[in-house]
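Presented below is the structure to which this report refers.
The basis for the numbers below is simple: all heavy atoms, side chains too, and nothing from hydrogens, waters or symmetry mates. Just so you know, these numbers come straight off a predicted model, no measurement behind them.
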Amino acid sequence: VASPELCFLQAAGSLPMPELIKLGFDLCSIYCMDHTQEYHQVGREPPTDVARLIQYMEYHPGKNGVKRARRALRYVIDRSNSPMETRLAMIACLPLYKGGYALRKPVLNKMVDLSKHAVQIVGRERLCCDMVWEEEKVIVEYDSNLTHLNEKQHARDKARITALSESGYTIICLTAESIWIHNIDKTFQAIRKALGMKARTGDLETYRAKRQEMVEKIMFDMQ
């Protein structure tokens, strides 16, 4: 049976780069698809991680596809917990010239320690957050229409935001509407600003067509 690392190397010989990056996310994810479940996915231990994939490529420098695999791994992040998290992380971190927004890599599904007052708000000492930039104290959460529209969940979401803000974090909540093609530039510019990054409005305009093409591919074409 081929190891996850070997599968990734073999795929690097034929998959287009966006699909190869997505495969890296899938191999390092903490979920898998299961259509018998309510939300069509179930948690799991990741088959591998980015460090092991990189190490495998270093041990096989002469193999076909190693160079492409290494390039793809620059943009792969451990511990995605849903297809949408993978898509958003890819769009966030790909370079501008490749159709992304050139953000620094976040940590996905990180447990964040709360302040004493925040613990009283949510009754927990830690919260798991979708995308975390710890140094800049920025958190991005995706609120899907599938799981965040009922009244109880909405109340829990509000309490989470309050608790994380009380603990010193800047919270940016993404929705289906905020990542529509006509809104996504404004959304990611807001994230760049929160991270203290330059606006680079001119560069964003230069690569607008490429970005729209890549966003549509990642959001709608890749399964």
Within a strict 4.5 Å, meaning less than it, do heavy atoms of the [X] and [Y] side chains meet?
X      : Y      : value
Cys93  : Pro106 : yes
Glu5   : Leu53  : yes
Asp185 : Arg211 : yes
Lys22  : Pro18  : no
Val140 : Leu88  : no
Ile179 : Arg87  : no
Ser29  : Glu85  : no
Leu108 : Phe25  : yes

Which pairs of donor and acceptor atoms, one on a side chain in residues 57-64, lie under 3.5 Å apart (sequence neighbours left out)?
unit_1	atom_1	unit_2	atom_2	d
Tyr59	OH	Gln55	NE2	3.4
His60	ND1	Tyr56	O	2.9

Exceeds 12 heavy-atom contacts within 6.0 angstrom, atom CD of Glu135 =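 At most 12 heavy atoms, drawn from other residues, nucleotides or ligands, come within 6.0 Å of this atom.
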message = Take a 6.0 Å sphere around CD of Glu134 and say whether it holds more than 12 heavy atoms from other residues, nucleotides or ligands.
response =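 Counting neighbours around CD of Glu134, more than 12 heavy atoms of other residues, nucleotides or ligands fall under 6.0 Å, so yes.
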Residues in ring pair (Phe, Tyr, Trp, His ring centres under 6.0 Å) with [X], at least two apart?
X      : result
His182 : none
Tyr31  : none
His117 : none

Please list, chain by chain and in numerical order, all residues satisfying salt bridge (charged side-chain N to carboxylate O under 4.0 Å, His left out) with [X], sequence neighbours excluded.
X      : answer
Glu19  : Lys217
Asp78  : none
Arg79  : none
Arg104 : Glu136

message = Connecting only ILVMFWY residues whose side-chain heavy atoms lie within less than 4.5 Å of each other, what is the rest of Ile121's hydrophobic cluster?
response =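 In the cluster with Ile121 are Val112, Leu114, Val119, Val122, Leu127, Val132, Ile139, Ile161, Leu164, Tyr169, Ile171.
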Linked hydrophobic residues, Trp180 as query - side chain contacts closer than 4.5 Å =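 None, because no other hydrophobic side chain comes under 4.5 Å of this residue.
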request  = Could you walk me through whether Gln212 and Val215 pass side-chain contact (heavy atoms from CB on, under 4.5 Å), step by step?
outcome  = CA-CA 5 Å; Gln212 289 181 345; Val215 169; 5.9 Å; no
Quick one: do [X] and [Y] end up in the same hydrophobic cluster if we chain Ile, Leu, Val, Met, Phe, Trp and Tyr together by side-chain heavy atoms under 4.5 Å apart?
X      : Y      : value
Met84  : Ile30  : no
Phe220 : Met33  : no
Tyr142 : Met111 : no

Once you round to the nearest 0.5 Å, how far does [atom1] of [X] lie from [atom2] of [Y]?
X      : Y      : atom1 : atom2 : result
Ser165 : Arg160 : OG    : CZ    : 11.5 Å
Leu103 : Lys105 : CG    : NZ    : 13.0 Å
Leu20  : Ser14  : CG    : OG    : 8.5 Å
Lys186 : Asn183 : NZ    : CG    : 7.0 Å
Ile184 : Ser178 : CD1   : OG    : 8.0 Å
Asp26  : Ser80  : CG    : OG    : 7.5 Å

For a quick test of reading the model, state the closest non-hydrogen atom pair linking [X] to [Y] and the distance between them.
X      : Y      : result
Ala194 : Thr170 : CB-CG2, 4.3 Å
Asp143 : Cys173 : OD2-CB, 3.9 Å
Tyr75  : Lys98  : OH-CE, 4.0 Å
Ala12  : Arg68  : O-NH1, 2.5 Å
Ala102 : Arg192 : O-NH1, 3.9 Å
Val107 : Lys110 : CG1-CB, 3.7 Å

inquiry  = Quick one about Glu166 and Ser115 (side-chain donor to acceptor, distance below 3.5 Å, no hydrogens or angles considered), yes or no?
reply    = no
request  = Given side-chain contact (heavy atoms from CB on, under 4.5 Å), test Glu141 with Asp157 step by step and report yes or no.
outcome  = CA-CA 10 Å; Glu141 298 263 77; Asp157 290 343; over 6 Å; no
inquiry  = Show, in sequence, the C-alpha distance, side-chain angles and deciding distance for Phe8 and Leu73, and conclude whether the side-chain contact (heavy atoms from CB on, under 4.5 Å) test is met.
reply    = CA-CA 10 Å; Phe8 188 76; Leu73 287 170; 3.7 Å; yes
inquiry  = For Val50 and Ile77: C-alpha separation, side-chain torsions, deciding distance, then whether side-chain contact (heavy atoms from CB on, under 4.5 Å) applies.
reply    = CA-CA 7 Å; Val50 174; Ile77 307 174; 5.8 Å; no
query = Of all residues at least two apart in sequence or in a different chain, which pass the side-chain hydrogen bond (donor to acceptor under 3.5 Å, both in side chains) check with Arg126?
reply = Asp113
request  = Just grab all the ring pair (Phe, Tyr, Trp, His ring centres under 6.0 Å) pairs involving residues 87-110, residues at least two apart or on different chains.
outcome  =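 Applying ring pair (Phe, Tyr, Trp, His ring centres under 6.0 Å) to every pair that reaches into residues 87-110, excluding sequence neighbours, yields Tyr101-Phe188.
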